[in-house]
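Letters go in sequence order (proteins before strands), and every chain restarts at 1. No experiment lies behind these values; they were computed from the predicted model shown.
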Amino acid sequence: MPELPDVEGFRRVAEEAVKRQVRAVHVHDAQVLRDSSAEEFADALRRRYVAEPSRHGKWLMVPTASSAGGSPAAPWVLLHFGMTGSLRWCEHDAELHPHDRVVFDFADGELRYRDMRKLTGLHLAREQDEVDRQLDELGPDALEVGRDEFTERLTRTRRRIKPALMDQSIIAGLGNLCADEILWRSRINPARAATDLTSGEFGRVHGDMRSMLRQAIRVGRVPDRASWLTGHRDEPDPHCPRCSTALSRGRVGGRSTLWCPHCQPE
DNA sequence: GACCATGTTCCTAC
DNA sequence: GGTAGGAACATGGT
């Protein structure tokens, strides 16, 4: 699941816990902790209060405070969801899922980090510096970046447009599904060189990116509607929702790619 | 068993 | 140095 719209959904889930005190942290699988042991992680967060979470690209950042309304401070929990991660608010008596790797326990419920494949995980940032260092590796958030900076950053590279869009250091937040969806809306072939796009085409991609993300955020994930390209990914013989041409499948930048050969010509 | 999967990082080759 | 391709990571679905 997790691309920008999904992580924005998880941010809203994390908001449930704001001002609540962490009673305990149960680490069921320490493999998802990237830079701390289960003990360090749990000890650092126990009795801290959750402060306002923020999102940048596919990263969710949760600061803590020493009192319910206290100012956001270290330690922070930085969450990445890989390909299969999620965050959910659960009642205490809800049965533990086999993929619930870390549970944050509060008086009236719990926050669960669930992840099947464990490709990424949770970071404990003990100082503001560590949060900044993580953010430094990311480009501007896909929802925040303006048209001019968007164009400027993407024309700096000689790569193809799809892998460039998905490069988190250029623009943060877009994954495989979002990239395909945006390029289909903009009628741009995913294998075209980024430097080959005109200024008008970049304007279109930027606008389509924003509207696509806003619509997806409303439902907290990338929808699988029939009117969206993404809604046809898993079909054996998918057709373009716009012109009914048989869709093409291939690999671009090492990722499975779906596009319409009629709407998105080379 | 083979192949595929919404992500990231590391290695090699051109 | 930039770019592309492949493998690795860990797990499950078809």
Note to self: Testing the 3.5 Å rule here: is there a donor-acceptor pair between the side chains of A:Lys162 and A:Asn176?
What the structure shows: yes
Next item on the list: Look at the side-chain N and O atoms of A:Gln31 and state whether any lies under 4.0 Å from the OP1 or OP2 oxygen of C:dA10.
Entry: yes
Item checked: Distance-only donor-acceptor check, side chains A:His123 and A:Gln134, under 3.5 Å -> no
Next item on the list: May I ask you to check whether A:Phe106 and A:Trp89 place their ring centres under 6.0 Å from each other?
Entry: yes
Checklist line | Between C1' of B:dG7 and CG of A:Asp167, the distance in whole Å | finding: 12 Å
Item checked: Donor-acceptor under 3.5 Å (A:Arg55 side chain, A:Gly57 main chain) -> yes
Checklist line | Under 3.5 Å donor-acceptor, A:Glu3 side chain and A:Gly175 backbone | finding: yes
Next item on the list: For nucleotides C:dA7 and B:dA2, find the distance between their P atoms and express it as a whole number of Å.
Entry: 15 Å
Item checked: OP1 or OP2 of C:dG12 under 4.0 Å from side-chain N/O of A:His99 -> yes
Using a cut-off of under 3.5 Å, enumerate the N/O to N/O pairs linking the protein to nucleotides 9-14 of chain B.
none

Next item on the list: With the side chain of A:Lys118 defined as its heavy atoms from C-beta on, choose the nearest nucleotide among C:dC9, C:dG5, C:dT11.
Entry: C:dT11
Check: What's the shortest heavy-atom distance between A:Arg46 and A:Arg23, and which atoms?
Finding: CG-O, 3.5 Å
Checklist line | Short side-chain to backbone donor-acceptor contact, A:Thr157 and A:Arg159, under 3.5 Å | finding: yes
Check: Taking atom CZ of A:Arg153 and atom CG of A:Asp167, what is their separation to the nearest 0.5 Å?
Finding: 9.5 Å
Check: Is there a side-chain polar atom (N or O) of A:Thr157 under 4.0 Å from OP1 or OP2 of C:dT3?
Finding: yes
Notebook entry, point to check: What do you reckon, is CD of A:Glu95 surrounded by more than 12 foreign heavy atoms closer than 6.0 Å?
Noted result: no
Enumerate the protein-to-nucleotides 3-6 of chain B contacts in which both atoms are nitrogen or oxygen and the separation is below 3.5 Å.
residue, atom, partner, partner atom, Å
B:dA5, OP1, A:Ser256, OG, 2.9
B:dA5, OP2, A:Arg251, NH1, 3.4
B:dA5, N3, A:Arg117, NH1, 3.3
B:dT6, OP1, A:Asn176, ND2, 3.1
B:dT6, OP1, A:Ser256, OG, 2.9
B:dT6, OP2, A:Arg255, NH2, 3.2
B:dT6, O5', A:Arg255, NH2, 3.0
B:dT6, N1, A:Met1, N, 3.4
B:dT6, O2, A:Met1, N, 3.2
B:dT6, O2, A:Met1, O, 2.4
B:dT6, N3, A:Met1, N, 3.0

Notebook entry, point to check: Could you spell out the base pairing of DNA chain B in dot-bracket, with Watson-Crick or G-U pairs whose two distances are under 3.5 Å, [ ] crossing and | to another strand?
Noted result: .||||.||||||||
Check: What interatomic distance, in whole Å, is found between P of C:dT3 and the corresponding atom of B:dT6?
Finding: 23 Å
Check: Does the pair A:Arg114/A:Asp100 count as a salt bridge with the N-to-O cut at 4.0 Å?
Finding: yes
Notebook entry, point to check: Are the charged groups of A:Arg233 and A:Asp224 less than 4.0 angstrom apart, N to O?
Noted result: no
